[in-house]
K.L.:
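Handing you a structure now.
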Amino acid sequence: MVSPGQKVVLITGCSSGIGLRMAVMLAKDEQKRYHVIATMRDLKRKDKLVEAAGDAYGKTLSLAVLDVCNDESVKQCFDGIKDRHVDVLINNAGIGLVGPIESIPIEEMKKVFETNFFGVIRMIKEVMPDMKKRKGGHIIVVSSVMGLQGVVFNDVYAASKFAMEGFCESLAVQLLKFNVTLSLIEPGPVRTEFETKMIEEVKQKECPGADPDTVHYFKNVYLPSSIDIFETLGQTPDDIKVIEASRPRFRNLTNPLYTPIVALKYADETGGLSVHAFYHMLFNLGPLMHISMTVMKYLTCGCLRSRTPRTFQ
């Protein structure tokens, strides 16, 4: 049950990773300011969340089934909430996709957009009318730095995040008129079980349809560099925190080490600087990437990897 004065926070994709940690952090708030509704497609995957939540489970944290790709599932989830009242919606559910574009079926690409783009829109369409009517609320979307700067071999995933960034930029203007806040959280690489599993699976794929040179660059140049970047620049789900702020920011890059990479894009209006910089990093400096990442890892000692987004209202 929601106590008087508590904010109802609905979070998608809570079976692991960022969603799980956000749900636990808010549910364990010392002042008990939030009642968290943590959702996932399959409640059989709830064990890690329940264990991490501890005593908060059943008190300030409850569970609900929700598939952001299914209209009826989204509707039923909101219908199960008293008065369909949600103060804060955190759109976290998402899937990744990496590899040579020639080897990826169109159906797999559609699944990425169905979750990362249309899944968020489904959620917003359900929660927005009540927030506008009440003239209050906060919508948070977990995006990515790849929504700001495309990364080679992540073409489709980046495209889904770019689409979401454009959608949110447009919608945020309208929502201000109704005193509803919209915020984007833009992590860089985040070390999760999902990412590790995906990289291992990708290594074994044959990449049908892609030419030998492209497969070589993907498996022998990109993947090793990607692993180095995750180990050096990567954050953990615990680093991606949200706290209350009187004036929430629209954009929230969580990893300061990634800021110079994103800045390349805006330093040159022709776009050539970032494109050629990434080209040289991957294809000309590939053998030096591991050494560079190792040096950076020791120099930073992890102390610059975390930036807490001040996104709550």
Side-chain angles (χ1 to χ4, degrees), residues 9-29 34-58 60-70 73-74 77 88-98 108 111-117 119-120 122-123 140-147 154 157 160-161 164 184-204 226-227 229-231 233-242 252 254-255 305-306 308-309 311:
V9 182
L10 176 63
I11 310 177
T12 66
C14 293
S15 61
S16 62
I18 296 173
L20 185 153
R21 297 315 308 171
M22 283 186 176
V24 170
M25 182 193 71
L26 295 174
K28 287 187 172 183
D29 175 62
Y34 314 109
H35 180 88
V36 178
I37 303 172
T39 72
M40 60 190 72
R41 287 182 299 175
D42 185 359
L43 287 184
K44 292 178 181 177
R45 301 182 62 193
K46 69 180 181 180
D47 292 349
K48 288 183 180 179
L49 174 60
V50 172
E51 181 182 354
D55 293 340
Y57 177 57
T60 54
L61 184 140
S62 58
L63 303 181
V65 176
L66 173 63
D67 180 356
V68 299
C69 297
N70 185 293
S73 176
V74 172
C77 181
V88 182
L89 169 64
I90 302 180
N91 295 282
N92 168 72
I95 59 175
L97 186 64
V98 63
E108 284 192 38
K111 287 179 182 178
V112 172
F113 271 82
E114 193 62 49
T115 302
N116 296 359
F117 182 67
V120 175
R122 282 189 185 89
M123 297 299 296
I140 297 173
V141 177
V142 178
S143 180
S144 167
V145 292
M146 287 195 211
N154 288 268
Y157 177 78
S160 71
K161 294 299 185 178
M164 183 47 55
L184 289 162
I185 297 178
E186 295 155 329
V190 180
R191 299 190 299 273
T192 65
E193 293 178 5
F194 171 78
E195 297 291 347
T196 303
K197 182 181 177 182
M198 184 177 72
I199 290 175
E200 288 302 318
E201 289 178 349
V202 165
K203 285 181 181 178
Q204 309 304 320
S226 178
I227 292 170
I229 289 171
F230 266 88
E231 290 180 351
L233 303 183
Q235 297 175 295
T236 69
D238 285 325
D239 293 325
I240 316 299
K241 301 173 183 175
V242 287
N252 298 270
T254 69
N255 193 330
R305 296 181 198 173
S306 180
T308 301
T311 54

K.L.:
Under the salt bridge (Lys or Arg N to Asp or Glu O under 4.0 Å) rule, what do Asp238 and Arg21 come out as? Steps first, then yes or no, please.
P.N.:
CA-CA 6 Å; Asp238 285 325; Arg21 297 315 308 171; 2.6 Å; yes
K.L.:
Checking the side chain of Arg41 only, and the main-chain atoms of Asp67 only, is there a donor and an acceptor separated by less than 3.5 Å?
P.N.:
no
K.L.:
Evaluate Ile90 against Ile185 for side-chain contact (heavy atoms from CB on, under 4.5 Å), listing each step before the verdict.
P.N.:
CA-CA 10 Å; Ile90 302 180; Ile185 297 178; 5.8 Å; no
K.L.:
Pro187 and Ile18: which non-hydrogen atoms are nearest, and at how many Å?
P.N.:
CG-CD1, 4.3 Å
K.L.:
Is atom CG of Asp55 surrounded by more than 12 heavy atoms (other residues, nucleotides or ligands) closer than 6.0 Å?
P.N.:
no
K.L.:
Ile95 and Asn116: side-chain contact (heavy atoms from CB on, under 4.5 Å), yes or no, with the steps?
P.N.:
CA-CA 7 Å; Ile95 59 175; Asn116 296 359; 3.9 Å; yes
K.L.:
I want to check something: taking the side chain as every heavy atom from C-beta on, are Leu63 and Tyr57 in contact at a cut-off of under 4.5 Å?
P.N.:
yes
K.L.:
Roughly how far, to the nearest 0.5 Å, is OG1 of Thr254 from CD of Gln235?
P.N.:
3.5 Å
K.L.:
Which heavy atom in Cys14 sits nearest to a heavy atom in Gly19, and how many Å separate them?
P.N.:
SG-O, 3.7 Å
K.L.:
What distance do Ile140 atom CD1 and Met22 atom CE have between them, rounded to the nearest 0.5 Å?
P.N.:
7.0 Å
K.L.:
Backbone N or O of Ile11 within a donor-acceptor pair of the Thr39 side chain at under 3.5 Å?
P.N.:
yes
K.L.:
Can you see which heavy atom on Gly147 is nearest to which on Lys161, and at what distance?
P.N.:
CA-CB, 3.6 Å
K.L.:
How far apart are the closest heavy atoms of Ser144 and Tyr157, and which atoms are they?
P.N.:
CB-OH, 3.8 Å
K.L.:
Are Val190 and Pro237 side-chain neighbours, meaning at least one heavy-atom pair lies under 4.5 Å?
P.N.:
yes
K.L.:
Donor-acceptor pair, distance only, cut-off 3.5 Å: does the side chain of Asp29 make one with the backbone of Leu26?
P.N.:
no
K.L.:
Give, for atom NZ of Lys46 and atom CG of Leu20, the distance between the pair rounded to the nearest 0.5 Å.
P.N.:
13.5 Å
K.L.:
After noting the C-alpha distance and the side-chain angles of Val68 and Thr115, does the key distance pass the side-chain contact (heavy atoms from CB on, under 4.5 Å) rule?
P.N.:
CA-CA 7 Å; Val68 299; Thr115 302; 4.2 Å; yes
K.L.:
Which pair of non-hydrogen atoms, one from Lys28 and one from Ala56, has the smallest distance, and what is that distance?
P.N.:
CG-CB, 4.2 Å
K.L.:
At their closest point, which heavy atom of Ala53 faces which heavy atom of Leu61, and how far apart are they?
P.N.:
CB-CD1, 4.4 Å
K.L.:
What distance separates Ser143 OG from Met164 CE, expressed to the nearest 0.5 Å?
P.N.:
8.0 Å
K.L.:
Kindly indicate whether the side chain of Val145, heavy atoms from C-beta on, has any atom under 4.5 Å from the side chain of Asn255.
P.N.:
no
K.L.:
Once rounded to the nearest 0.5 Å, what's the spacing between atom CE of Met40 and atom OG of Ser15?
P.N.:
5.5 Å
K.L.:
Calculate, to the nearest 0.5 Å, the distance between atoms CG and CG belonging to Leu66 and Leu43 respectively.
P.N.:
10.5 Å
